[in-house]
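Everything below concerns the one structure shown next.
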Amino acid sequence: MVKYFLGLSVLKSSWDQVFVAFWQRYPNPYSKHVLTEDILFREVTPDNRLISRRLLTKTNRAPRWTEKYLPSNMARSAYIIEDSIVDPQSRTLTTFTWNISHARYMAVEERCVYGVNPDNNSWTEIKREAWISSNLFGLSRALQEFGLARFKSSITKTMKGFEFILAKMQGGTPSRTLAETAKEATDKVKETALAATEKAKDLASQAQKKQQYV
């Protein structure tokens, strides 16, 4: 049994901008799990399509409940192959991605097609498909569920990363990272708490003075 995912996403930038951002998206604040990227192969075909293959190294954190079932020396990183085809005639960028590490335990295959949004030609639409499978006896279904949940979570980070790089390319201010937003909220809470404490002290002092004159 294989878990299947299909989703559509939209980036409010032109296809040409997204095409450039695709090659510049690492590193960004939302891709800390991507450790390295290397180009293995690249060529331009006679019909002017750009074909590339890259090797990515990413962190590979297995769920804790699987640790007793997996080898103790299992690597904490995984190798990913990414094939891509850029067709300037149809204005599409198609990627095929799959893991070559730990594929027996869980294999994740992804296909993305970046094209011009049919409702707004200044935007880019991403059609994303994924297939998650596992051959680990007794745990395959649970691992597939875990893999699907983690894949869905990674889409949010991927889109945030794209938006960050696109904003930098367009000379705008990139969206704040989650850490920056959280820090600002924490600082604001501290300021509010400090102000409340000072006000409470002031009210207590006033009440004490009134008691002295009663």
Side-chain angles (χ1 to χ4, degrees), residues 2-60 77-104 106-133 147-148 150-152 154-172 174:
V2 176
K3 288 289 181 182
Y4 174 71
F5 173 86
L6 172 63
L8 289 175
S9 306
V10 172
L11 287 167
K12 295 181 179 180
S13 297
S14 70
W15 182 85
D16 299 278
Q17 292 170 328
V18 172
F19 161 64
V20 174
F22 177 81
W23 304 109
Q24 300 179 13
R25 70 190 194 277
Y26 303 131
N28 70 71
Y30 303 93
S31 67
K32 294 179 180 179
H33 62 293
V34 180
L35 305 176
T36 63
E37 57 173 330
D38 298 283
I39 297 173
L40 303 180
F41 172 82
R42 179 167 286 172
E43 74 166 4
V44 178
T45 63
D47 58 352
N48 209 33
R49 293 188 302 165
L50 175 66
I51 298 178
S52 306
R53 170 168 286 189
R54 297 198 297 174
L55 175 67
L56 306 174
T57 309
K58 300 184 180 183
T59 57
N60 180 58
S77 60
Y79 293 112
I80 314 293
I81 292 291
E82 176 196 84
D83 285 350
S84 61
I85 302 172
V86 180
D87 188 339
Q89 290 289 95
S90 62
R91 300 183 80 192
T92 57
L93 163 61
T94 305
T95 64
F96 305 90
T97 309
W98 68 96
N99 60 302
I100 56 176
S101 300
H102 322 307
R104 174 176 171 268
M106 184 168 64
V108 180
E109 300 171 84
E110 179 189 39
R111 179 178 185 268
C112 292
V113 179
Y114 300 74
V116 178
N117 182 275
D119 299 320
N120 187 330
N121 58 17
S122 297
W123 293 356
T124 303
E125 181 178 273
I126 306 171
K127 179 184 178 182
R128 193 185 311 272
E129 294 178 278
W131 297 263
I132 297 98
S133 60
L148 181 60
R150 185 165 67 176
F151 179 82
K152 289 179 179 179
S154 72
I155 293 174
T156 302
K157 293 180 181 179
T158 298
M159 297 302 290
K160 286 286 187 182
F162 257 119
E163 290 167 358
F164 183 90
I165 297 300
L166 285 163
K168 285 183 66 177
M169 286 172 48
Q170 295 163 16

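Partners of Phe22 according to the ring-ring contact (aromatic ring centres under 6.0 Å, His included) rule, which considers only residues two or more places apart in sequence or in another chain, are Tyr114. Partners of Phe41 by ring-ring contact (aromatic ring centres under 6.0 Å, His included), not counting sequence neighbours: none found. Residues passing the ring-ring contact (aromatic ring centres under 6.0 Å, His included) test with Phe5, sequence neighbours excluded: Phe151.
By the 4.5 Å heavy-atom criterion applied to side chains, Cys112 and Thr95 are counted as neighbours. Side-chain contact between Leu56 and Thr36 is absent, with no heavy atoms from C-beta onward closer than 4.5 Å. Within the 4.5 Å cutoff, no side-chain heavy atoms of Phe162 are placed close to those of Asn28. Thr97 places none of its side-chain heavy atoms less than 4.5 Å from the side chain of Arg111. Contact annotation: the side chain of Ser133 never approaches that of Lys3 to less than 4.5 Å [non-hydrogen atoms, C-beta and beyond]. Residues Ser9 and Arg128 form a side-chain contact, since some pair of their non-hydrogen atoms from C-beta on lies under 4.5 Å apart. Residues Met106 and Ile132 have side chains in contact (heavy-atom distance under 4.5 Å, counting atoms from C-beta outward). Taking the side chain as every heavy atom from C-beta outward, Thr45 and Ile85 never approach each other to under 4.5 Å.
A donor-acceptor contact under 3.5 angstrom links the side chains of Ser90 and Thr92, judged on distance only. Glu82 and Ser52 share no side-chain donor-acceptor pair at under 3.5 Å. No donor-acceptor contact under 3.5 angstrom links the side chains of Ser101 and Asn99, judged on distance only.
The minimum heavy-atom distance linking Tyr30 with Gly161 is given by the pair CD1-N, 3.8 Å. Minimum heavy-atom separation, Pro27 to Ile165: O-CD1, 4.0 Å. Pairing each heavy atom of Met169 with each of Gln17, the nearest pair is CE-O, 3.5 Å.
Under a 4.0 Å N-O distance rule, the pair Asp16/Arg91 qualifies as a salt bridge. Salt bridge status for Arg53 with Asp83: present, with a side-chain N to carboxylate O gap under 4.0 Å.
Remark: the backbone N or O of Asn117 is not paired with any side-chain donor or acceptor of Asn120 at under 3.5 angstrom. Side-chain atoms of Trp131 never come within 3.5 Å of backbone atoms of Tyr4 as a donor-acceptor pair (strictly under, hydrogens ignored).
Crowding of Gln89 atom CD: a count of heavy atoms from other residues, nucleotides or ligands under 6.0 Å not exceeding 12.
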Checklist entry - Between Arg49 and Val86, does a side-chain contact (heavy atoms from CB on, under 4.5 Å) hold up when you go through it step by step? => result CA-CA 6 Å; Arg49 293 188 302 165; Val86 180; over 6 Å; no
Next on the checklist: Does Leu55 form a side-chain contact (heavy atoms from CB on, under 4.5 Å) with Ile81? I'd like the steps, not just the answer.
Outcome noted: CA-CA 5 Å; Leu55 175 67; Ile81 292 291; 4.0 Å; yes
Next on the checklist: Applying side-chain hydrogen bond (donor to acceptor under 3.5 Å, both in side chains) to Ser13 and Gln170, what does each step give before you reach the verdict?
Outcome noted: CA-CA 10 Å; Ser13 297; Gln170 295 163 16; 3.2 Å; yes
Checklist entry - What's the verdict on side-chain contact (heavy atoms from CB on, under 4.5 Å) for Leu6 and Lys127, showing C-alpha distance, side-chain angles and the deciding distance? => result CA-CA 7 Å; Leu6 172 63; Lys127 179 184 178 182; 3.8 Å; yes
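With a 6.0 Å cutoff to the six-membered ring centre and a 45° limit on the axis angle, Arg42 counts as a cation-pi contact of Trp23.
When Leu93, Val18, Val116 are each tested for a side chain to side chain contact (heavy atoms under 4.5 Å, CB included) with Thr124, only one passes: Val18.
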